[in-house]
Structure formats: C-alpha cells, structure tokens
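The structure appears below as structure tokens.
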Amino acid sequence: MEKTSVYIETFGCQMNTADTERAESKFRASGYDVVNDSTTADVVLFNTCSVRARAEQKLYTRIGEIRRLRAGNEPLMGVMGCVAQLEGAAIFDHAPAIRLVAGTRATDRLHKLIERIKNGERRALDLGERQEGEVWDVSPVERHSRYVGFVPIIEGCNKFCTYCIVPFSRGRERSRDADEIISEVHRLKSEGFQEIQLIGQNVNSYRPKSDIGIAEFKGATPFSRLLRAVASTGMPRIKFTTSFPRDFHADIVAAIDEYENLCNWVHLPVQSGNDRVLRAMRRGYKVSDYLSRIASIKNARQKISLTTDIIIGFPSEESKEFEDTMRLVEQCQFDGIYIFKYSERKATPASRLVDGVTEGEKTARFLALEKLQMEIQKKKYSEYIGREVKVLVEGESAKSAIDLTGHTTCHKVVNFRGTAELLGKIVKLKISEAKVHSLYGELVA
Ligand code: SF4
C-alpha cells in the first residue's frame, strides 16, 4: 500500500522550525512519507505563527493558493502552531477547506488526527496539552541543517508582556529535563553536528523539575548550570536564544568566559529605551537594569557580540520617549537590531490601549533608528577587516554560486570563495571586506 505523503510549510520563528522537525520525525516513524512538494503531497499542513498580524494573513493567502493550484486534486489541508491554538475551531469557519486544526502541544498527535479523517470524520481538532511520554525526538533526516541543530529547552512563556500573544498561544513555561537535553546534544555530536542552538522563548528562564546534577554550581541559576553541562559534552559550538533581560545574570557571562565552545553572542531584546514605555509593555525591568546586564556582558574577558529587538510606536509612545530608545541604542552599540513596528494582536492588553502613534510617525521612527543602527553596524563590521575568524560553513551563498556562507562564533554571516568539501567544517578566514549585514573573507591555509 502506498504511503500517505505529508508536506509541512513553516512560518515564523526557530521554535516553529523545531516543531516542524519534531512533527516530521513523528510522521516518518508512523509510516508516512515526508515530502518537500506542496503540489503533490496528500496532506499539506501549515505550521503557523501569530506573533505578527502579517504571518497570520499569509496563512489564508497560502490556503487560497494551494486550492487554486490543486483544483480537482485538493490535498487534505490542516493548520498547526500558534494560529491553530488561538483560533481553534474558528479556522474551520474562516477557511472551510481546512479539515485539521492542531494546537502548539499537539505536534506528536498529528498522525492520529489524519487517521481520524481518513476513517470518516469530516474534521479533527486537538488543542490539548502534551501527554505523558511525548518527548522531543527529532531524527537527523528532518533537521533543517546537517550541521546546526536546534535543541528546544523551554516552551511557552510566563511573562505576559502586554503586546504579546505567545503566553496564550504557547501556554506557560515548561522546561525540558536536563538529562534529555544532554542526551540529545550527545546524539547530535555523534551524528556530526558542529553547532547546536539551545532555543526557547526565554531560554534563561529555564527551570527544570529535576536536578541538573552539576554539584559544583549548585548556587548558580539553572540556565547557567545547564550551559556548563551542555558545554561539557564537547559539542564544538553552542549558541542560545532568546534571553529575557530580567533573568539574565552574570553567571551566564561567567560560563561563556569559562568554556570556549559557548559562543560569544547574546541576543537580549530590550524593546524600548524608556521606563514608562517598558512599564506599559510590562517588561518587568527598567532601562538601568538592562544597562547593568549590558555592562556585565561588555566586561566579559572575551568580546561578546550583542543583538536586540526593538518595538517602534508602541501605543502612546511619545517622540521624546522614542529619543530615549535612540540614546540607548547609541550607548549599547549593538551588533544587530531587529526593529518591529508595533502591530496590534487582538486579545492582548495593549490592544485595549489607544494607538496614538500614526503610521507615518512609526515609519519615520523606524527609518531614523534603522539609519542610526546602520552607521553603528558599518563601523562595527569594518573593524573585522584584516582579522581572522572561525566560521562554520553551512551552505552555498544565496547571492553567488561560487561562494559559500557560514556564521562566526559571534553569529556574523561570512561569505567566502570555497568548494563543497568544506561544507560542515569550521574554517579559518581572514576578513577582506565588510558590508552592513555580512563580512567577506578568504581562507587561511
Ligand atoms: S517575554 Fe514577552 S515578548 Fe517574549 S514571548 Fe514572553 S510575553 Fe512575548
């Protein structure tokens, strides 16, 4: 009997990529074919993101496209991930072509929902919690990269920032058992992975139920102890993202300083440089708290690269409050910023605030901040010229057929002339050219 083929299209963040990898592993283990082609697959699933309104609109656009493309031979279509969790059965009304809706904790049960439909049910819905015995178990075939593995360590979020939907779509924080994480890292190392990224909405809020089992660091925060335990596996490179400022303590920096394989890059979203706005966002820290974290990072023995997220035009953000954000950016000298214009997410506390910042003002602020950051980045990146860096070669450059691309330990993109046998290797490059978002280098013999 021919196997049922499944195609999963992923929108959004690393957590969604990791969930897709997990779902695909489960499908394959349950006798399904996982394919890369939405035009022939028997089942098409959309793994959705709801952090921004645009990602949600994209879902309905894609459903329409698949229907047109596959007219007369429509696949069984389903929605999984954050939009599924939040909208639930309402998706069936918005898009009658959808027959399956699976929430963020139903990843391991997708095949059962498909079986129910095959057995005659018109529609299947599962918004339930993870069940006993369901563990992260991703096969190497399903990983998005053969060299860089995502390892989720915490799901959900307890912070309830007023603009954010994540605590509703992904539920409360649930930390994964340290033993399970360490075993996965050992497995990835034995499979030849060169880098892992510990991922979660707030990795440094990690609080497992069971002990991490590193006696000598009993007083340190669980996350810094986990970092030390993961570093002790000997995995060549370890990165982690995203960190929450309030839970970022100096022992994380101490661990990075201590272990060479803990990479020198921290992503620490600040969101605003003004205390009133931070309070309205309910971020739980002040600008001075954030700056003290930055000071501890900048005082590290090795130079740690620093990136952040900033929201422009939060409801009622005044222009002088935005100026505070500009000042903070000037002061912190970030290596990179993800700038987002505030977009309302329904049912969040911020959606009840009057959005007094016009679209024109948001755009002007966005451009001003972007310009400032480009100047900072230009200077920062040009400081690399003439320096030698170690780069994990991850693939071919998207812009040139003769170039390869990879990341430094500080998470900068570097392109260079090279051939396919270097893929998956860590090479030494001398930087010859700096752009605003990437570097160009030459192989050092
Ligand atoms: S910390 Fe705030 S912004 Fe980040 S996921 Fe949690 S609620 Fe959302």
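Counting starts at 1 for both ligands and their atoms, in listed order. For the single chain, residues carry numbers from 1 onward in sequence order.
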Gln201 neighbourhood, listing ligand 1 atoms whose heavy-atom distance to it stays under 4.0 Å: 5 (S)
Numbered atoms and elements of ligand 1 in range of Asn202, under 4.0 angstrom, heavy atoms: 1 (S), 6 (Fe)
Is it true that the side chains of Arg246 and Ser205 contain a donor and an acceptor less than 3.5 Å apart? no
Counting from 1 in the order shown, the ligand 1 atoms closer than 4.0 Å to a non-hydrogen atom of Phe244 are 1 (S)
In terms of side-chain geometry, is the basic nitrogen of Glu184 or Arg176 positioned less than 4.0 Å from the acidic oxygen of its partner? yes
If I take atom CG from residue Leu226 and atom OG1 from residue Thr221, how far apart are they, to the nearest 0.5 angstrom? 10.0 Å
Best match, Gly284, Cys157, Cys13: closest heavy atom to atom 6 (Fe) of ligand 1: Cys157
Nearest non-hydrogen protein atom, atom 3 (S) of ligand 1: Tyr163 OH, 3.4 Å
Any Arg283 heavy atom less than 4.0 Å to ligand 1: yes
d(Phe46 CZ, Ile66 CD1) to nearest 0.5 Å is 4.5 Å
Per-atom filter on ligand 1: closer than 4.0 angstrom to a heavy atom of Pro167 are 7 (S)
Under 2.8 Å from atom 8 (Fe) of ligand 1, can any N, O or S atom of Cys161 be found? no
Identify, by atom number and element, the atoms of ligand 1 in contact range of Lys159, meaning under 4.0 Å from any of its heavy atoms. 1 (S), 6 (Fe)
In Å and rounded to the nearest 0.5 Å, what is the CD1 to CZ distance from Ile91 to Arg123? 11.0 Å
Are side-chain N/O atoms of Glu9 and Tyr7 paired as donor and acceptor at under 3.5 Å? yes
Run the salt-bridge test on Lys286 and Asp289 with the 4.0 Å N-O cut-off and return the result as yes or no. no
Within ligand 1, which atoms have a heavy atom of Phe160 less than 4.0 Å away? 7 (S)
Hey, are Asn415 and Thr405 close enough side-chain-wise for a donor-acceptor pair under 3.5 Å? yes
For ligand 1, which atoms, with element, lie under 4.0 Å from some heavy atom of Cys164? 3 (S), 5 (S), 7 (S), 8 (Fe)
